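Worth saying up front: this structure is predicted, and the values here are computed from it rather than measured. Residue numbers run from 1 in the order of the sequence given. When a ligand or atom number is given, it counts from 1 through the structure's own listing order.
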Amino acid sequence: MKRFTKTLLGATLAVSMLAGCTGDTGATTTGGSTGGSTTSTTTSTTTDSGSSTTTSNEGAGKKVGVSMPTKDLQRWNQDGANMESELKAAGYEVDLQYAANDVQQQLSQIENMIAGGCDVVVIAAIEGSSLGEALDMAKASNIPVIAYDRLLMNSDAVSYYATFDNYKVGTVQGTYVKDTLDLDNAAGPFNIEFTAGDPGDNNAGYFFNGAYDVLKPYIDQGKLNVVSGQKSFDEVATPTWATDKAQSRAENILSSYYADGTNVDVWLCSNDSTALGVENALAANYNGTYPIITGQDCDIENTKNMIAGKQSMSVFKDTRTLASQVVKMTGQILSGTTVDVNDTSTYNNGVITVPSFLCEPVFADADNYKAILIDSGYYTEDQLK
Ligand code: BGC
């Protein structure tokens, strides 16, 4: 049986718990390119918390393509379902496709959406840099493209980007570790390992850097000791965010560096699918003090693990909020009205800086999950049993 330091989980956190999207930075953009033609867009202030379903008929006669990366990970199923129901409620015809984490499949699905008469295409890319041909086609057909959650790279055919504040997700995780271990006051040293996301996903670097930037001073001081020595993004990345890949890397680390009884105090994981791999590896290969483990998404399995004390925290990104925001932006683009953005400087894709709407990530743990996940109707209590 593992020992588990519940006291660490109970530590007070100075982490923001704001829900919903922020829309009040008031920046101005004129750079929204819609399929090659430039629209004049100004940022508006929005107070919309973003989770209501539109009931208008604004989408009548319009078709929207929604390209999702995979059904393998829970969140994309929710994202796709939310997008489909919100778009349909607003009167749009919807072409929703999942690409089984296969870039070629995603490419041809998007090309079919364009050839099939979609008026707007919404894309959550498998690999942000690999969809150039489809994006060129959208541009040539004057079809606006919205990058969904993950930025589309190296193309000027991206009209808008809607996501959560990705760097902040990482800082929430890093700050949790810092506060829970009381790194400013505790003597340490503490042992830490990192597991990050897919190098093909532009978000993954933001998450990792957000967390690492908080923890780097303590690593530099020797208060946090990366026992495996693996601390660059490339060394700790997990292709396709796959649980089994995160698990086998964690197993290798445990057998190489911790088999002698060394404790791992923290395992900083960028999201829930990778955290699950680490949790599986620990269950089978580790007898020391159970570490602090971070995550992101509040997937069902991970929320159950939080409740059971096997994962310390997660970062909740309400997929309903993001879907509502994207449906709203779709309507604004198609009606030629002001498109809500609240960030016009962060997300340069290598060619253009894409006008973006950043939603706010929310800290979640075993103490607040009921309020965030159950009271809000995201999950039922039964789903978490
Ligand atoms: C998303 C995360 C998700 C990860 C794996 C990222 O792009 O932002 O929410 O955990 O992909 O699906």
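Using a cut-off of 4.0 Å between Lys/Arg side-chain N and Asp/Glu carboxylate O, K88 and E93 are scored as not salt-bridged. Remark: K385 engages D382 in a salt bridge, criterion side-chain N to carboxylate O under 4.0 Å. Under the 4.0 Å criterion applied to side-chain N and carboxylate O atoms, K63 and D95 are not assigned as salt-bridge partners.
Protein residues having at least one heavy atom under 4.0 Å from any atom of ligand 1 are L73, R75, W76, D149, R150, D201, N203, F207, W241, N271, Q296, D297, K317, listed by chain and number.
Aromatic ring centres of Y212 and F194 lie closer together than 6.0 Å.
Annotation: side chain of K317 is in contact with side chain of D297 (closest heavy-atom distance under 4.5 Å).
Using modelled atom types, no side-chain atom of T175 and backbone atom of V172 make a donor-acceptor pair closer than 3.5 Å.
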